[in-house]
Amino acid sequence: MTHSDAPHLVLVDGSGFIFRAFHALPPMTSPDGVPVNAVYGFTNMLARMLREHVGTHLAVIFDAGRHTFRSDIYPQYKAHRPEPPEDLRPQFSLIRDATRAFNVASVELAGWEADDLIASYARAVRKVGGTCTIVSSDKDLMQLIGPGVCMLDPMKQTPISLPEVEKKFGVLPEKVVDVQALMGDPTDNVPGVPGIGPKTASALINEFGTLEAVLAAAPDMKKSKRRDMLIEHADAARISRQLVELACDVPLPVPIADLAVREMDKLTLADWLESMGFRSVLTRLGVGHPSGAHAHRAARAAAHASISGAVAEAPTTTPDQDDLTKATLAAPYGAYETVRTAQDLQKWVSAAQEASVCAVDTETDGLDPLSANMVGLSLATAPGKACYVPLRHEGTLEEPAGEQLSVQAALDIIRPLLTDDTTLKVFQNAKFDLLVFDHAGLDYTTITAVDDTMLMSYAQSAGLHGQGMDELSTRHLGHTPISYDTVTGTGRNRIPFAQVPVKRATDYAAEDADVTLRLWHVLRPTLRTNKALALYEQIERPLSPVLAGMEKAGIAVDRAELGHLSKDFETRMAVMEKEIHAAAGRDFNVASPRQLGEILFDEMGLPGGKRGKAGAWGTDSSVLQDLADQGHELPEKVLAWRQLAKLKSTYTDALLRQTTTEDRVHTSFQMAITTTGRLSSNDPNLQNIPIRTEEGSRIRQTFIAPKGKKLISADYSQIELRLLAAVANIPALREAFELKQDIHARTASEVFGVPLEGMDSLTRRRAKAINFGIIYGISAFGLARQLGIPAGEARSYIDAYFARYPEIRDYMERMREEARAQGYVLTPFGRRCYVPGIQEKSAVRRQYAERQAINAPLQGGAADIIKRAMVRLPHALAEGGFSARMLLQVHDELLFEADEAEAEAVAQLVKTVMESAADLSVPLVVETGIGNNWAEAH
DNA sequence: ATGTAAAACCAG
DNA sequence: ACGCTGGTTTTACATA
């Protein structure tokens with residue numbers, strides 16, 4: 001290097017690199033057992049920098065000590081950074097050794113961060129007409145980028161320049177500090193301005209130019225919250241700017257001239273690399289023994305194999321496995337065929353019909369079957385014999401997807417199989433695939449002879465284990481299939497299924513069909529032995545297409561009204577928030593229970609605080625209500641704020657997001673989740689739409705009947721209490737239901753010995769609470785809390801109740817014993833509800849299980865009954881000549897949409913069908929309502 | 001950055 | 001120790 005050449009200085013951010021390499025690389029140790037993964041990454045990077053030329057001058061910059069001028073300005077700066085992990089600590093000094101071994105200059109200076117030194121060197125080298133490359137991916141260094149100064153990502157070896165900075169901060173490098181000053185940085189404790197994130201910060205800087213200009217313009221801003229925050233936290237923003245702005249006039253501990261790239265001593269380096277066990281680096285630098293690298297790699301591979309080759313847990317087998325089951329378990333997995341032509345697919349369809357049973361599975365580009373596209377389908381005709389038909393794979397330049405049938409062509413070939421009622425089609429969660437076929441253009445109602453392994457399993461093992469295919473396979477087949485995640489990746493690495501290479505997709509998808517068919521072979525005989533066949537064949541299986549129809553239909557919502565509600569809630573929340581902050585004496589995040597607890601109990605010193613498990617103050621609504629009742633203003637306002645926040649985020653905003661262009665929302669009903677046989681609803685959950693408060697009811701009003709139609713609601717009256725009266729055989733309760741009496745009033749009359757006539761509402765309310773308490777497996781403590789009375793008083797109520805209805809105590813004891821003896825209890829329709837905790841040693845957990853055992857037959861029996869009605873209703877409506885559609889189920893309620901003209905008749909028919917869905921020793925009663933919206937109909 | 005737990009609260 | 005069954009949102013924290 002001659003001095004007349006302009007210097008090019010390469011500055012490696014050593015401290016920043018250590019942390020990144022440590023987290024990015026898998027753990028590894030040197031021959032003497034010290035963790036060295038970050039050192040290894042650093043060594044590789046440094047070798048690469050030296051090999052691929054770069055500059056005339058080179059230095060690695062390190063932090064020195066924790067104390068810098070920033071902690072003088074702002075003591076919290078980086079204050080609660082945790083100590084570096086134990087495996088990283090020994091690597092700091094090793095990295096300094098590495099720079100020495102490479103004969104590279106390293107620079108550090110007490111009182112200054114590496115970033116400040118880098119900034120100062122960059123400025124110095126520019127001053128003498130040179131250029132500079134900063135090797136780092138630290139966002140805090142991006143402010144230095146400009147003419148003659150560029151950045152390089154040390155891991156990816158890609159340049160970081162204006163587009164990357166723009167992407168990160170939304171502004172040019174010289175404005176980065178202003179943006180950072182506004183948005184702050186939680187990892188370094190840089191405060192910024194609350195409520196201003198990256199988007200707002202860059203928007204403000206782009207509009208006003210500088211931080212000071214933004215602060216000056218703040219008083220005239222329209223958005224009140226932002227204006228107030230900017231004014232109040234102006235100084236915090238100024239301090240933040242000082243914290244993030246790098247010092248570029250630090251005295252340089254080593255003159256630039258002394259940083260000139262130096263020859264390294266190969267022997268010193270080789271010795272050091274050897275001592276660290278970095279043979280691959282040695283080899284690459286051409287100073288080592290190639291065989292060493294191979295030995296190293298082979299050893300690592302062997303270690304890996306011994307882990308991944310671990311034997312899977314033995315499968316759960318039944319003692320009466322027949323030969324077929326054994327064959328099912330024995331056939332090898334894998335070696336599946338990819339089907340690309342009509343002739344080949346036709347062969348598989350014929351083989352399926354020949355076998356008269358097959359498994360079918362679809363692959364899609366999404367989880368919502370109403371909008372997902374079919375990417376491929378698979379077919380299994382015998383254990384171990386399965387194929388995958390790619391339909392919409394995209395492929396890449398290096399790896400084209402190859403010839404594929406069109407969706408249309410494939411459907412035309414497979415339609416005769418799906419509609420053939422002499423060949424059984426087995427699915428895992430048929431409802432999903434039925435709707436996928438439907439969306440692809442094959443009417444799901446024409447698909448016949450369907451079995452569903454998920455429901456076969458659920459009908460006999462609810463509550464015992466999950467019903468996902470992977471879990472069922474591991475359990476019953478002793479084989480864990482390839483997981484979806486390993487095929488598509490996870491997080492930011494996830495790719496759409498259509499981009500999975502066809503070979504890999506075949507391995508995965510055909511295996512799913514294979515596993516489904518094998519599961520069917522294993523589960524089918526168990527249905528009979530477990531007495532779950534009728535439940536499966538008469539309830540669960542036929543319900544699946546009914547629910548598919550309901551999901552496909554969706555329910556109409558009033559978009560405009562939802563929008564109004566959202567806006568209304570928003571403005572009212574903003575007002576409340578100001579009042580809350582004023583009452584608290586400072587700003588805080590009202591949505592944070594933790595911050596609220598600190599305010600109420602630490603700062604304001606209000607009484608009645610209770611800490612939860614994690615030591616945080618409890619601030620749930622009962623705590624806040626108690627404080628509000630004592631006349632405190634803040635908790636009352638928070639309660640009101642929370643109600644609106646909940647309604648807005650969970651309902652108005654979420655529903656608006658999930659409403660289709662046809663102004664309808666389509667939920668998804670899960671059939672195999674609950675431990676009792678109930679359905680659940682998600683995406684969105686339409687089984688918990690508010691109703692109990694005035695504001696909540698406004699949300700229910702946005703579920704509407706389209707023009708010319710009506711909504712009809714039909715719900716079972718007191719169904720769980722009726723089941724209790726029936727299964728526990730309680731004469732007094734049975735008679736009350738027979739006589740159509742007010743059941744809670746009758747209970748009150750009998751338990752408290754007051755006349756039915758002229759009963760006061762408090763007494764009735766208490767009886768009602770006990771009645772519900774019984775269904776849930778009452779405890780004196782729980783009832784006391786519910787009614788706000790002493791536990792002793794609650795105890796005496798319960799005793800009086802049991803004395804009057806001794807059969808209930810018998811029933812409860814029967815259920816506890818049944819659960820203890822068998823591990824499950826039965827609903828009146830034979831559904832098994834497993835109660836896993838019943839044998840627990842811990843009394844708390846055991847009693848919890850006992851309450852489940854008491855509740856499950858009632859909740860589950862009610863679920864069975866409404867499911868039976870749901871299976872019959874579509875036929876009954878069609879037979880009656882009605883065009884009405886069933887839309888929703890909410891545990892004891894069904895919601896229908898019908899032409900205005902037929903609404904009354906439909907309501908009558910629905911009532912009849914629902915009331916005759918079961919024959920108990922007490923009558924079932926269904927109440928119906930008709931309206932233009934759900935609130936009105938209910 | 002991504003995933004998960006805890007707290008809170010909506011329904012039957 | 002918070003009588004049962006669920007789902008969703010948000011914050012806070014751990015993971016890499």
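So you know, we letter chains A, B, ... as the sequences are listed, proteins then strands, and number each from 1.
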Give one of base, sugar-phosphate or nothing for [X], where a contact means two heavy atoms less than 4.0 Å apart.
| X | answer |
| --- | --- |
| A/Leu679 | nothing |
| A/Gly773 | base |
| A/Arg657 | sugar-phosphate |
| A/Arg692 | base |
| A/Tyr848 | sugar-phosphate |
| A/Ala780 | nothing |
| A/Gln859 | base |
| A/Gln786 | base |
| A/Asp683 | sugar-phosphate |

Side chain [X] and base [N] donor-acceptor under 3.5 Å:
| X | N | answer |
| --- | --- | --- |
| A/Arg678 | B/dG12 | yes |
| A/Asn855 | C/dC4 | no |
| A/Lys646 | B/dC9 | yes |

- [ ] Measure the acute angle between the ring planes of A/Phe601 and A/Trp617, then classify it against the limits of 30° and 60° as parallel, tilted or perpendicular.
- [x]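 Aromatic pair A/Phe601/A/Trp617 classed tilted.
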
- [ ] Between C/dG3 and B/dA5, how far apart are the C1' atoms? Round to whole Å, please.
- [x]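 Between the two C1' atoms, the distance is 25 Å.
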
Task: Carboxylate-amine/guanidinium contact A/Glu540 A/Arg831, below 4.0 Å - done: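 Answer for the salt bridge query: yes.
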
Open item on the list: Check this for me, if you would: do A/Arg722 and A/Glu915 make a salt bridge, where the nitrogen-to-carboxylate-oxygen distance has to be below 4.0 angstrom?
Closed with: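 Salt bridge flag = no for A/Glu915 with A/Arg722.
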
Counting only side-chain heavy atoms from C-beta out, which of [options] sits nearest to [X]?
| X | options | value |
| --- | --- | --- |
| A/Ser649 | C/dT5, C/dT9, B/dG12 | C/dT9 |
| A/Ser680 | C/dG7, C/dT8, B/dA8 | C/dG7 |
| A/Asp620 | C/dT9, B/dA11, B/dC9 | B/dC9 |
| A/Thr676 | C/dT5, B/dG12, C/dT8 | C/dT5 |
| A/His891 | B/dG12, C/dG6, C/dT11 | B/dG12 |
| A/Thr650 | C/dT5, C/dT9, C/dG3 | C/dT9 |
| A/Asn685 | C/dG6, C/dG3, C/dT5 | C/dG6 |
| A/Arg851 | B/dA8, C/dG3, B/dG12 | C/dG3 |

Open item on the list: Requiring both pairing distances under 3.5 angstrom, list the stems that contain DNA chain B and are made of three or more consecutive Watson-Crick or G-U pairs.
Closed with: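 Stem segments, range with range: B:1-12 with C:4-15.
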
State, without any angle test, whether [X] and [Y] hold a side-chain donor-acceptor pair at a distance under 3.5 Å.
| X | Y | value |
| --- | --- | --- |
| A/Glu807 | A/Tyr811 | no |
| A/Asp140 | A/Gln180 | yes |
| A/Tyr458 | A/Thr674 | yes |

Using whole Å, report how far [atom1] of [X] lies from [atom2] of [N].
| X | N | atom1 | atom2 | result |
| --- | --- | --- | --- | --- |
| A/Leu596 | B/dC9 | CG | C1' | 15 Å |
| A/Ile778 | C/dC4 | CD1 | P | 12 Å |
| A/Trp641 | B/dC9 | CH2 | P | 11 Å |
| A/Ile673 | B/dA11 | CD1 | P | 22 Å |
| A/Gln687 | B/dG12 | CD | P | 10 Å |
| A/Tyr811 | C/dG3 | OH | C1' | 14 Å |
| A/Ile789 | C/dG3 | CD1 | P | 13 Å |
| A/Ile838 | C/dC4 | CD1 | P | 13 Å |

TODO: Check for a donor-acceptor pair, side chain of A/Arg846 on one end and backbone N or O of A/Glu840 on the other, with a separation under 3.5 Å.
DONE: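 Checked: pair present.
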
- [ ] Taking A/Gln595 for its side chain and A/Pro593 for its backbone only, find out whether a donor-acceptor pair lies under 3.5 Å.
- [x]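 Judged by distance alone, no pair lies under 3.5 Å.
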
So, is [X] close to the [N] phosphate, meaning a side-chain N or O under 4.0 Å from OP1 or OP2?
| X | N | value |
| --- | --- | --- |
| A/Ser681 | C/dG7 | no |
| A/Arg594 | C/dC13 | yes |
| A/Thr619 | B/dA8 | yes |

TODO: Indicate, with yes or no, if the rings of A/Tyr797 and A/Tyr801 have centres closer together than 6.0 Å.
DONE: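 A/Tyr797 vs A/Tyr801: aromatic centres not under 6.0 Å.
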
Open item on the list: Testing A/Leu596, A/Leu600, A/Asp602 one by one against A/Glu598 for a side chain to side chain contact (heavy atoms under 4.5 Å, CB included), which residue passes?
Closed with: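 Among A/Leu596, A/Leu600, A/Asp602, the one meeting side chain to side chain contact (heavy atoms under 4.5 Å, CB included) with A/Glu598 is A/Asp602.
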
